[in-house]
Amino acid sequence: MDATRSGFDAVLAQIECSAGARDGETAPSFPDAPIGLLERAGMLAWNARAGTPRPPAAAELELVRRVARADGSVGRIFDGHLNAVERLAVQAPTAVRDRELAAVMARRLRAGVWGWDPVPGEGPPATVHELAGAEVLRGVKTFCSGAGGLDRALILARQPAEGPPVAVWVDLTDGRVDVDPSWFRSHGLRASVSHRVIFRDAPVIARFGEPGSLAAQPWFSRDALRTAASWAGMADTAADAALVELACRPGRGPLEALAAGRILTAQRTIDLWIERGARAMDEPGDALAQISVQARVGIADACRALLDEAARACGSRPFVRANPLDRARRDLEVFLLQHRLDPLLARVGEAVLEDL
C-alpha cells in the first residue's frame, strides 16, 4: 500500500471513530473537523481538473463509498462537493472555472449542489434577479447539505419569467445567506446539516450552461452514481455492524448463518451495480443514462433488503444501544427517501417497450 493510500486509511479511521459522537450531538453543526481531514488529504480536490476527460470512475466511486462508510453524513457532503466540482470543471465559463478550481486545489473552497425547492409555507423558491447590473439569488432552498460550512453552491434556480430552471454558481460567504437550523430535524444524516437556506440577494458568480443544463448528460447520470456510491457506503456500515452482532451472539446457529449469507448477497449485488456504473461512466454514451437508473434502482433495492435482513436478524438491541447499525439504518433510509426512482425506471421500461 502506497503512502497516499495509507494516509487516507488513517483519515477514514479518524472520521469513523468520531461518527457516533457527531450523530449524538443535540444540535449537530457542520462537521468541519472530518471535512478538514479530507481536505488536507487532498480528497476534496480529487476531481478538480478542467475539461471533459474525467478521473477513472471506479476509483472515484470507491472513494465516495469509503467516506460514506466511515460517516454517512460526512459522505453526503463529500459526494455533493465532488458533484459540484465536476460541474465546475465541465460547465463553468473558462475564467470562473480556472479561478475556482485553483481555489479547490489550494484547499480554499468547499462546494455543494442544492436543488430542492421549498414546499408551500417554507418560503418563495430561489429565483435569479438582476440588481444593479448583476445577477443575484433571492428566495429559499431546502435539503441544503453542508449548509453553513460551504463557500459555494451550484443551485437550481428559477427565473422571473417562465422557462426551465438555471444552474447558478453562488457565493455563500458574503453575509447574504441565512441558514435556518431549525428546519432539518431528521434522525438520519444528522451531521449533514441539510438545512433550509434563505438567499437575500446573494451574488451569482456565473451561470453554468443554458437553462436545463443541470440535467444534461452525461453529467446528471454521473452525479447520480456518486450518490448511489454513498448509499453503498452506508449499507457497508450496516452490513459490518450486523455481521459483528451476529458473530458474537451466544448460541449462534443456522439462522444467524442464513442471515449473514443474505446480508452478504445484498452487499455483493451492490458491488456489481457499482462496478457496472463505473464502466458506463468511463465510456459515456447513450447507455449511461439507462444504466445509471437501473444501477440506482438495483442498489436501492439491495440496500433495503440488507437493512431489513439485518434488523430482523439482530433484533432490537443494536437500535436501543445506538449501535452503528442504528445510525447507518437511519442515515440510509432518509437518503433513499429523497430519491423517487420509480418514474425514472418506468421511462426506461417504456422506451424498451416502444422499440419492440
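These values consider heavy atoms only, across backbone and side chains, with no hydrogens, waters or symmetry-generated copies.
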Under the side-chain contact (heavy atoms from CB on, under 4.5 Å) test, residues paired with [X] that sit two or more places apart:
{"X": "A48", "answer": "A45, V85, L101, V104, M105"}
{"X": "P324", "answer": "T237, A241, R327"}
{"X": "P56", "answer": "none"}

- Message: For D308 and R312: C-alpha separation, side-chain torsions, deciding distance, then whether salt bridge (charged side-chain N to carboxylate O under 4.0 Å, His left out) applies.
- Response: CA-CA 6 Å; D308 179 66; R312 290 190 298 108; 3.0 Å; yes
For [X] versus [Y], what's the shortest heavy-atom pair and its separation?
{"X": "M281", "Y": "A57", "result": "CB-CB, 3.6 Å"}
{"X": "P55", "Y": "D282", "result": "O-OD1, 4.2 Å"}
{"X": "P181", "Y": "V179", "result": "CD-O, 3.0 Å"}
{"X": "D171", "Y": "A202", "result": "O-CB, 4.2 Å"}
{"X": "P318", "Y": "E245", "result": "CG-CD, 3.9 Å"}
{"X": "R200", "Y": "G175", "result": "NH2-O, 2.9 Å"}

In this structure, are over 12 heavy atoms from other groups packed under 6.0 Å from [X] atom [atom1]?
{"X": "Q338", "atom1": "CD", "result": "yes"}
{"X": "D286", "atom1": "CG", "result": "no"}
{"X": "H339", "atom1": "NE2", "result": "yes"}
{"X": "E210", "atom1": "CD", "result": "no"}
{"X": "R317", "atom1": "CZ", "result": "no"}

Same apolar cluster: [X] and [Y], side chain cutoff 4.5 Å:
{"X": "L44", "Y": "L154", "value": "no"}
{"X": "W169", "Y": "L150", "value": "no"}
{"X": "L341", "Y": "V334", "value": "yes"}
{"X": "W46", "Y": "L38", "value": "yes"}
{"X": "I77", "Y": "L12", "value": "yes"}

Is a side-chain N or O of [X] found less than 3.5 angstrom from the main chain of [Y], in a donor-acceptor match?
{"X": "R207", "Y": "V168", "answer": "no"}
{"X": "R69", "Y": "M234", "answer": "no"}
{"X": "N47", "Y": "L82", "answer": "yes"}
{"X": "Q91", "Y": "L88", "answer": "no"}
{"X": "R138", "Y": "P124", "answer": "no"}
{"X": "S192", "Y": "L189", "answer": "yes"}
{"X": "T269", "Y": "T265", "answer": "yes"}

Please report the interatomic distance [atom1]([X]) to [atom2]([Y]), rounded to the nearest 0.5 Å.
{"X": "E309", "Y": "R262", "atom1": "CD", "atom2": "CZ", "answer": "5.0 Å"}
{"X": "E122", "Y": "D180", "atom1": "CD", "atom2": "CG", "answer": "9.5 Å"}
{"X": "T127", "Y": "F199", "atom1": "OG1", "atom2": "CZ", "answer": "11.0 Å"}
{"X": "Q267", "Y": "L272", "atom1": "CD", "atom2": "CG", "answer": "11.5 Å"}
{"X": "W219", "Y": "R54", "atom1": "CH2", "atom2": "CZ", "answer": "6.0 Å"}
{"X": "R190", "Y": "T26", "atom1": "CZ", "atom2": "OG1", "answer": "7.5 Å"}

With no hydrogens and no angle check, do the side chains of [X] and [Y] hold a donor and an acceptor under 3.5 Å apart?
{"X": "W273", "Y": "Q294", "answer": "no"}
{"X": "D151", "Y": "T173", "answer": "no"}
{"X": "S230", "Y": "R226", "answer": "no"}

- Message: The test is side chain to side chain contact (heavy atoms under 4.5 Å, CB included); show your working for D79 and N83 and say whether it passes.
- Response: CA-CA 6 Å; D79 83 61; N83 286 344; 3.9 Å; yes
- Message: Taking D271 first and then R65, would you say they form a salt bridge - that is, a charged N and a carboxylate O separated by under 4.0 Å?
- Response: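 Counted as a salt bridge, because a side-chain N and a carboxylate O are separated by less than 4.0 Å.
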Heavy atoms, side chains only, cut-off 4.5 Å: are [X] and [Y] in contact?
{"X": "I35", "Y": "V74", "result": "yes"}
{"X": "L344", "Y": "R296", "result": "yes"}
{"X": "E135", "Y": "H129", "result": "no"}
{"X": "L325", "Y": "F319", "result": "yes"}
{"X": "L172", "Y": "V197", "result": "no"}

- V128 and V136: side chain to side chain contact (heavy atoms under 4.5 Å, CB included), yes or no, with the steps? CA-CA 6 Å; V128 177; V136 297; over 6 Å; no
- Task: Could you walk me through whether D23 and R330 pass the salt bridge (charged side-chain N to carboxylate O under 4.0 Å, His left out) test, one step at a time?
- Result: CA-CA 11 Å; D23 178 71; R330 287 184 280 110; 2.8 Å; yes
- Test H195 against C144 for side chain to side chain contact (heavy atoms under 4.5 Å, CB included), laying out the working first. CA-CA 5 Å; H195 295 307; C144 300; 5.8 Å; no
Donor-acceptor list for residues 113-120 side chains, cut-off 3.5 Å, not counting sequence neighbours:
unit_1	atom_1	unit_2	atom_2	d
W114	NE1	S145	O	3.0
D117	OD1	K141	NZ	2.9
D117	OD2	R158	NE	3.4
D117	OD2	R158	NH2	3.3

- Query: So is R196 actually on top of F184's ring, under 6.0 Å and inside 45° of the axis?
  - Reply: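 Pair R196/F184 does not count as cation-pi.
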- Query: Got a sec, which hydrophobics cluster with I291, joining ILVMFWY side chains under 4.5 Å apart, including via others?
  - Reply: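 None, because no other hydrophobic side chain comes under 4.5 Å of this residue.
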- Query: Should side-chain heavy atoms under 4.5 Å link Ile, Leu, Val, Met, Phe, Trp and Tyr, which residues sit in the same cluster as V140?
  - Reply: I198
- Item | Full working for salt bridge (charged side-chain N to carboxylate O under 4.0 Å, His left out) between R110 and D32 | CA-CA 11 Å; R110 301 169 181 178; D32 189 68; 2.8 Å; yes
- What's the verdict on side chain to side chain contact (heavy atoms under 4.5 Å, CB included) for L61 and E275, showing C-alpha distance, side-chain angles and the deciding distance? CA-CA 9 Å; L61 295 186; E275 291 166 11; over 6 Å; no
- Query: Between W183 and F143, is the ring centre distance below 6.0 Å?
  - Reply: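 Yes, they do, as the ring centres are separated by less than 6.0 Å.
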- Message: Evaluate R329 against E333 for salt bridge (charged side-chain N to carboxylate O under 4.0 Å, His left out), listing each step before the verdict.
- Response: CA-CA 6 Å; R329 184 185 187 187; E333 287 181 342; 3.2 Å; yes
